[in-house]
**Student:** 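Below is a structure I'd like to ask you about.
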Amino acid sequence: MEDLRSIVEALIFASEAPLSLDKIVDIIGMTDREAIVDILKALEEEYANRNGGFHLSEVAGGYQFRTRADMASWLRKLKGIKPPGLSQAALETLAVVAYRQPVTRQEIEKVRGVDVSGALRGLLEKKLLRMLGRKNVPGKPIIYGTTKRFLEVFNLKDLAELPTLREFQELQE
Amino acid sequence: MEDLRSIVEALIFASEAPLSLDKIVDIIGMTDREAIVDILKALEEEYANRNGGFHLSEVAGGYQFRTRADMASWLRKLKGIKPPGLSQAALETLAVVAYRQPVTRQEIEKVRGVDVSGALRGLLEKKLLRMLGRKNVPGKPIIYGTTKRFLEVFNLKDLAELPTLREFQELQE
Amino acid sequence: MSYAIKLDIFEGPLDLLLYLIKKNEVDIYNIPIAIITEQYLNHMEIMRSMNLDLAGEYLVLAATLLNIKSKMLLPPEEKEEGEEEQPDPRAELVRQLLEYQTFKEAAFNLGQRTLLERDVFKRGIVPEVKTEPEEELIEVDLFQLVEAFREIVSGLKDEDLMEIDTEKMSLSDRIHEIMERLSVEKSMHFRDLLADVHDRRMIIYTLLAILELMKMRIVKAYQTHAFGPIRIFLAVEE
């Protein structure tokens, strides 16, 4: 099925966010998921072998074309940007939410030992975190969790891909 | 020059607009234009022969990856299943209703300062708002409120779970 | 000078404390509290002299350290028969430090990942697909909703409008439930509305909801005779 491969490729290429297998199957209107899975695998392999400027990665529960990591310095030149990066405060706040979610502001502050409202707000604006609702305890504090965008930005298939906290504890011993 | 090809490819792929030869030469910092021209030709040919979901075209004085023209119907389908978003106008109207309900159109307009009939209609169609009834005052204006669907979309158990402005302000430093 | 820069990048009191423990090469499970406390207080003094904004959290931890120090100075109490051993006054602080250190490590690991828009980039241009022009759509979540509301009301002069009344939100919930039932049943007995309500606040909200709906003239309440059952109707048919 030569053309099915092209359709899958075009869909992933045109999608703004990583495109999930479910969506691909849904759009193509095919029940044969296995055929699509095979195509995705073949495409991933093809781009990896070709080793061009970009390849196909599996990220945030979907597929997306991304430039090769060792091209970064050229692309920064193209975009005329300094790597935006996140502050240490933002990264620490993000780490606590990623591992402890759903989590309240108070719980994050207990771990970090500082006020985190500024960091939280920044992460909400960047859509790396979101408000999930409220915790059913006195005061009903708002609870926070990570977003799909978080997975996309940090190049994660899913949250389970993060190393466990235990691994970091062992590092310290 | 295997890697130069990859760099050119990555630059075109990640560029926001069609990328001109001049710009490519400028970024790579090479005086040998001919080498770049050769790479561009080779890439164009490679993608044409491969006949995948997209190829490299020369447009508007630059180079750009574009999906194959005969993929258009699939891409339209892709666009169609985008997560239902809201325009800024709809979001603002929704926000006013959520926090001020039960509320009439006139009251919303007083807060937002613009005509909201279009936004209201859209939100009713999306079943995020509903008519609660009519206010029994001259003109019998319709009264609007949010729906169950609204609670679902925003992951709320009930309206009392909406974040308050005070909580929101706490996030600001 | 390098000292000053170092101070600036502490992420908080726990970070400073971890730094001191590392610098002194002491065991985190057996912190020499007297030395570390002194150095901690010195650092605070330097920060203050440089007019750095000293967050209250630094003071809280200073107090904790001094408290632990004084406890450690007390001679161990005579143990009585069967009495449990005194817990180490440093135990809670050690637990906190270890936890923070773990997350600091996790944060470092996150920062080391291949980041989008820093290390890798996605396709730059959205390929055009001919569709009818429409307004640009944005994905929204709760944060965007509150932000939108805050923006709107912050432009208003009326201070009252800034308030969000959580009581009113609960009231709106009750109004919705009543309207939902009325749209099906057309009319109902007031006491039916309270039939399965046991929470006192809920009873109050129900009463307030009915009053609000009557005030807006969405519903009407009738009573056939004094002390008779109250029936509620939709005032205007939709």
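Chain A is the first sequence line, chain B the second, and so forth, proteins listed ahead of strands; every chain is numbered from 1. Just so it is clear, the structure is predicted and the values come from calculations on it, not from any experiment.
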**Student:** Minimum heavy-atom separation for A:G53 to B:A10, with atom names?
**Tutor:**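 The answer is O-CB, 3.6 Å.
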**Student:** Under a 4.5 Å heavy-atom cutoff, which of A:K140, A:K79, A:R130 has the most pairs with chain B?
**Tutor:**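 Of the options given, most contacts go to A:K79.
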**Student:** Could you list the residues that satisfy side chain to side chain donor-acceptor pair (under 3.5 Å) with B:E92, not counting sequence neighbours?
**Tutor:**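 Scan of B:E92 (side chain to side chain donor-acceptor pair (under 3.5 Å), adjacent residues dropped) gives B:Q88, B:R112.
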**Student:** Which residues, numbered in order, of residues 61-69 of chain A come under 4.5 angstrom of chain B by heavy-atom distance?
**Tutor:**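 Under the 4.5 Å heavy-atom cut-off, A:F65, A:R66, A:T67, A:R68 qualify.
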**Student:** Return the CG to CZ distance between A:L75 and B:F13, rounded to the nearest 0.5 Å.
**Tutor:**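 So the gap between those two atoms works out to 9.5 Å.
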**Student:** Could you check whether atom CZ of B:R121 has more than 12 heavy atoms from other residues, nucleotides or ligands sitting under 6.0 Å from it?
**Tutor:**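 Check fails, neighbour count at 12 or below.
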**Student:** For each of B:K23, B:M71, B:E9, tally heavy-atom pairs with chain A at distances under 4.5 Å, and name the one with the top tally.
**Tutor:**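 Greatest number of close heavy-atom pairs with chain A: B:E9.
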**Student:** Can you run down the salt bridge (charged side-chain N to carboxylate O under 4.0 Å, His left out) pairs that involve residues 148-159 of chain A, sequence neighbours left out, and say none if there aren't any?
**Tutor:**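 Those involving residues 148-159 of chain A are A:R149-A:E152, A:E152-C:K122.
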**Student:** Report the distance from atom CE of A:M131 to atom CG of B:L171, rounding to the nearest 0.5 Å.
**Tutor:**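 Between atom CE of A:M131 and atom CG of B:L171 there are 5.5 Å.
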**Student:** Please determine whether the number of non-hydrogen atoms from other residues, nucleotides or ligands lying under 6.0 Å from atom NZ of A:K126 exceeds 12.
**Tutor:**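 Not buried by this count: 12 neighbours or fewer within 6.0 Å.
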**Student:** Please flag which part of A:L120 lies under 4.5 Å from any non-hydrogen atom of chain B: side chain, backbone, both or neither.
**Tutor:**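 Answer is side chain: those atoms of A:L120 sit under 4.5 Å from chain B.
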**Student:** With ring pair (Phe, Tyr, Trp, His ring centres under 6.0 Å) as the rule and sequence neighbours excluded, what pairs involving residues 119-147 of chain A come up?
**Tutor:**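 Of all non-adjacent pairs touching residues 119-147 of chain A, none passes ring pair (Phe, Tyr, Trp, His ring centres under 6.0 Å).
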**Student:** Atom CD1 in A:I28, atom NZ in B:K77: separation rounded to 0.5 Å?
**Tutor:**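 It is 8.5 Å, given to the nearest 0.5 Å.
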**Student:** Working to the nearest 0.5 angstrom, can you tell me the gap between A:I143 CD1 and B:E161 CD?
**Tutor:**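 Separation between the atoms: 8.0 Å.
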**Student:** Side chains of B:R50 and A:E46: does their closest heavy-atom pair fall under 4.5 Å?
**Tutor:**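 Yes, their side chains come closer than 4.5 Å.
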**Student:** Just by modelled atom types, is the A:L132 backbone N or O under 3.5 Å from a matching donor or acceptor in the B:N155 side chain?
**Tutor:**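 Yes.
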**Student:** In Å and rounded to the nearest 0.5 Å, what is the CD1 to CG distance from B:I27 to A:L78?
**Tutor:**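 Reported value, rounded in 0.5 Å steps: 4.5 Å.
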**Student:** Is the shortest heavy-atom distance from the side chain of A:I142 to the side chain of B:E170 under 4.5 Å?
**Tutor:**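 They are not in side-chain contact.
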**Student:** Is it the backbone or the side chain of A:L124 that comes under 4.5 Å from a heavy atom of chain B, or both, or neither?
**Tutor:**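 For A:L124, the contact with chain B is made by the side chain alone.
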**Student:** Between A:I24 and chain B, which part of the residue has a heavy atom less than 4.5 Å away: side chain, backbone, both or neither?
**Tutor:**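 Neither part, no heavy atoms under 4.5 Å.
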